[in-house]
Amino acid sequence: RHLCVFHVIQVVSSLQDAAIVLAQHYEHHSTLSTNMAIPYRTVHLTQPYSYRLAESLVLDHRHSHTTWKSSSTDTATIHGGYDFTAASFSRCDSLICRQQNDSIWVATIPNEIDLGKLESGGLKDCAHGSAPDLYWFLNDQSSDSTGDIPLIPLTLARYPNINDAKQWFHVQNATAPNAFERDDNDTINLTATKTEKKQHNKTDGLWLHGFWAADWADNYVKVAKIHKNNHQRTVTIDNRSTPILYNVVRNRARYYWLNALELLDVPGEFYIDQHRRLLYIMAPSTTTTKKYQHDHQHHFPQHIIIRMSTITNLVQATNLQDTTFENIDWRASRGTALRFDNATRVSVVGGSVQAIGGDWAVDMRNALECTVQNVKMNTLACGGINIQGGNPRFLTSSQSQIHGCHIENFALWKATYQPAIRFLDSVGLHASHNTIASAPHLGMFIGANDCFFEHNTFTDLCTTTTDCGAFYSGRSLAQRNNTLRHNTFVRINNTKEGLALGFLHAQAVYLDDEMSGYTLIDTAIVDSDIGILVGGGRRNRILNTTAIRVDMPIHMDERGFGHGKNDPLWRILMDGLRAVHYQRPPWSNRHPEVAVLLQDRPGAPVYNAVLNLTFCHRLPSDTKWFFTGGSLTVADLLVWDNEISHIHHEPSLCSEAMATTSVATMA
């Protein structure tokens, strides 16, 4: 597709060509005069069609002062995928296909496509590796006119199937259960039961995905051996190359099998034979409408396009300044879609990011005055937006923001610690008017200073995990002075089957492990488990909270009090304080209370405030507002200089009409 680069007066045929012309233009002007400003340029995507990237669009300082934008009212699409049409597929007639299902199709994968590999991943790693993702879409015309057609993810062949009533198996007999202190081993064994009907006779490429030690930590592990014994099989995991989290499998841990042709048995699943470079697929079902009714038994559906992601990043930029990407739809990358390092006044405005297999849809590092605004994001293997900027040591602000974004259906591959928005090691970031919905674990993951979170809506989060927060921040005494105002939380619950390991609760706002210095104002929480959890922290102010049909409106505890200097959590907290030189300026000037913290009941939940709480429970007879995981009482809180007043139990709020009105008023 043709693009036009204004101020360069040249028509180019690809995005890479446009980048080359921009760089040449920069170098030409910089040789004329070192004081001459490079004029702003615009790259117009002149047609609302798909621009396919054969490799990442690599940008640097020479591409600064540029706007990349769709010039049509319809957004243009930039994608990093290869499309398989109906002509690419033939019926699989091998013995194993006939044994499995008569509707398996096979296509040869071109040699130029790297097939990558699966990876295991640590606690907070996306860990998708370099393996491709596959998506499908309906296409009435040609694969070039798919700008506004959503990509629907295909599922790597698994069992139990993703839509089964029971989606997990549970470990029945793990070796050394609960052994969190075990040394590293080459293998770990677990016993699979006879209820697992699939006969996994081969281990080549076979993996398990599981929550092995707790229901808030998942990863993928490779199967090394399978030993049959009557109606049971002992599965040996390759714990050297794909170590299980915490190096342990606990009884009742949940898992499923994946990545074997024998598991390919429902529409919408796929499997890749790495050795023979073959793609096996059961075509997605589109028979719900007459328009797309098709005989899947004899022909691969003509109206279905299968797209395989082929490149790592769509955009990889370093030292970019004063650059905007406007009203562009970004699709199909194996890694982060838009990656910006050392970004200054870089903006992503409008458009969408979809079908991304890597860590983030948008990732900005060392960001200054950057913006992500009014972008729709969905179908993400891992996280949404990551911004890191500012300097916690000197408390200098990034002044970057995320505004008006809609992020949903994320953490589809790695379930835990893949939030819609993450701010870590940062200062002065702002997230406002965003909608975050439909994910198994966190909505926001925050470890920063001087940030504002306003008018955000969190819906249907923590659905398949425990010990989770829709808004999560924890394990620091140095990350403070953050404010939440006018935020709404709806249906923050673990609602799926099989949860058995760990702290079995989900929180709307989770201030974990001594997190301190937060202010929450005008918070609405509806149909949720725990409203706000303060895990031992100090100087947290909870003002004007409405909790409707919430089991535990406020949870507070004293988990840090009385711990010695050798306690692992206390060492983490002190390392964080020492890293910012908390007893020296500017910290001692901005936060004098932190400089003397060790002389004022360290670890105790002091100087918190709960003011103006109005609540009702899901159980009408329950009138309790305060809960604790230890022996803490409201009287203890008052002794420890906490302020509590204006607590109102209002059963009438729990009617559906009243709840709707209250949330609308808060929003």
Side-chain angles (χ1 to χ4, degrees), residues 123-124 365-368 386-400 417 419 421-431 442 444-453 469 471-484 509-520 532-542 556-609 640-642:
L123 178 61
K124 299 176 182 177
R365 307 290 178 100
N366 195 22
L368 177 63
N386 179 61
I387 297 183
Q388 181 277 318
N391 189 316
R393 165 68 180 90
F394 298 102
L395 294 175
T396 52
S397 176
S398 169
Q399 301 180 59
S400 297
Y417 296 101
I421 292 175
R422 188 180 77 170
F423 297 160
L424 292 184
D425 301 320
S426 299
V427 181
L429 302 176
H430 191 186
L442 312 177
M444 289 189 185
F445 186 12
I446 308 301
N449 298 76
D450 305 341
C451 295
F452 286 88
F453 307 89
F471 181 100
Y472 178 89
S473 186
R475 309 208 123 195
S476 177
L477 292 168
Q479 296 164 347
R480 56 200 306 122
N481 195 36
N482 298 301
T483 301
L484 285 74
V509 179
Y510 195 171
L511 305 181
D512 193 14
D513 287 345
E514 298 295 306
M515 205 67 208
S516 302
Y518 267 81
T519 300
L520 283 67
I532 299 168
L533 189 152
V534 179
R538 54 178 55 203
R539 298 186 186 277
N540 296 297
R541 298 183 61 80
I542 303 170
M556 300 180 72
D557 58 54
E558 72 278 41
R559 67 185 63 183
F561 186 61
H563 286 209
K565 63 180 181 181
N566 293 323
D567 177 74
L569 173 58
W570 193 249
R571 288 200 300 268
I572 292 172
L573 298 174
M574 290 309 301
D575 287 346
L577 287 174
R578 284 190 286 266
V580 298
H581 302 281
Y582 71 105
Q583 293 179 320
R584 301 179 189 175
W587 267 85
S588 58
N589 296 332
R590 285 276 304 277
H591 300 291
E593 75 283 0
V594 179
V596 297
L597 184 149
L598 295 182
Q599 288 76 50
D600 186 7
R601 296 165 286 183
V606 297
Y607 309 121
N608 296 294
W640 275 341
D641 298 311
N642 292 280

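In this chain, residues are counted from 1 in sequence order. Note that these values count all heavy atoms, side chains included, but never hydrogens, waters or copies made by symmetry.
Across every non-hydrogen atom of Ser516 and Gly537, the tightest pair is OG-CA, 3.6 Å. For the residue pair Phe561 and Ala604, the shortest heavy atom distance occurs at CD1-CB, 3.5 Å. Taking both residues in full, the closest heavy atoms of Gly390 and Ser398 are given as N-CB, 3.5 Å, listed atom of the first, atom of the second, then distance. The nearest pair of heavy atoms linking Leu442 to Gly469 is CD2-O, 3.2 Å. The two atoms that bring Ala478 and Trp587 nearest to each other are O-CH2, 2.8 Å, heavy atoms only.
Atoms CG and OG, on Asn391 and Ser397 in that order, are 11.0 Å from each other to the nearest 0.5 Å. Distance check: Leu520 CG to Asn540 CG gives 8.0 Å after rounding to the nearest 0.5 Å. For the atom pair CD1 (Ile421) and CE (Met444), the distance works out to 4.0 Å, reported to the nearest 0.5 Å. To the nearest 0.5 Å, the span separating CD1 on Ile387 from CG on Asn366 amounts to 12.5 Å. Taken to the nearest 0.5 Å, the CG atom of Leu569 stands 10.0 Å off from the CZ atom of Arg571.
Distance alone, capped at 3.5 Å, is enough to place a donor-acceptor pair between the Glu514 side chain and the Gly560 backbone. When atom types are taken as modelled, the side chain of Ser426 and the backbone of Gly389 share a donor-acceptor pair closer than 3.5 angstrom. Judged by distance alone, the side chain of Ser473 and the main-chain N or O of Ile446 form a donor-acceptor pair under 3.5 Å. Of the possible polar contacts, none joining the Asn482 side chain to the Tyr518 backbone as a donor-acceptor pair under 3.5 Å is found. Not a single donor-acceptor pair under 3.5 Å links the side chain of Thr396 to the backbone N or O of Phe394. Not a single donor-acceptor pair under 3.5 Å links the side chain of Gln479 to the backbone N or O of Asn449.
Checking each of Val580, Leu577, Val594 against Leu477 for a side chain to side chain contact (heavy atoms under 4.5 Å, CB included) leaves exactly one that passes, namely Leu577.
Applying the ring pair (Phe, Tyr, Trp, His ring centres under 6.0 Å) criterion to His430, with sequence neighbours excluded, gives no partner residue. Residues meeting the ring pair (Phe, Tyr, Trp, His ring centres under 6.0 Å) test with Tyr510, sequence neighbours left out: Tyr472. Leu424 is linked by a side-chain contact (heavy atoms from CB on, under 4.5 Å) to Arg422, counting only residues two or more places apart in sequence or in another chain. In this structure, the side-chain hydrogen bond (donor to acceptor under 3.5 Å, both in side chains) partners of Asn642, at least two apart in sequence or on a different chain, are Asn608. In terms of the side-chain hydrogen bond (donor to acceptor under 3.5 Å, both in side chains) criterion, residue partners of Tyr607 (sequence neighbours excluded) are, by chain and number, Asp600, Arg601.
Residues Val596 and Gln583 fail the side-chain proximity criterion, which asks for heavy atoms closer than 4.5 Å. Proximity of Asn481 to His591: side-chain heavy atoms (C-beta onward) are separated by under 4.5 Å at one or more points. Considering only heavy atoms from C-beta on, Arg559 comes within 4.5 Å of Asp512 through its side chain.
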Salt bridge (Lys or Arg N to Asp or Glu O under 4.0 Å) between Asp641 and Arg538, worked out = CA-CA 10 Å; Asp641 298 311; Arg538 54 178 55 203; over 6 Å; no
request  = For the pair Leu598 and Met574, evaluate side-chain contact (heavy atoms from CB on, under 4.5 Å) and give the outcome as yes or no after the intermediate values.
outcome  = CA-CA 10 Å; Leu598 295 182; Met574 290 309 301; 3.8 Å; yes
inquiry  = One pair to check against salt bridge (Lys or Arg N to Asp or Glu O under 4.0 Å): Asp450 and Arg590. What are the steps and the verdict?
reply    = CA-CA 11 Å; Asp450 305 341; Arg590 285 276 304 277; 2.8 Å; yes
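Sorted by first then second residue, the salt bridge (Lys or Arg N to Asp or Glu O under 4.0 Å) pairs that include residues 472-482, not counting sequence neighbours, are Arg475-Asp513, Arg480-Glu593.
Ring planes of Phe445 and Tyr417: tilted class, angle from 30 to 60°.
In this structure, Asp425 does not pair ionically with Arg393, as no charged nitrogen and carboxylate oxygen lie closer than 4.0 Å.
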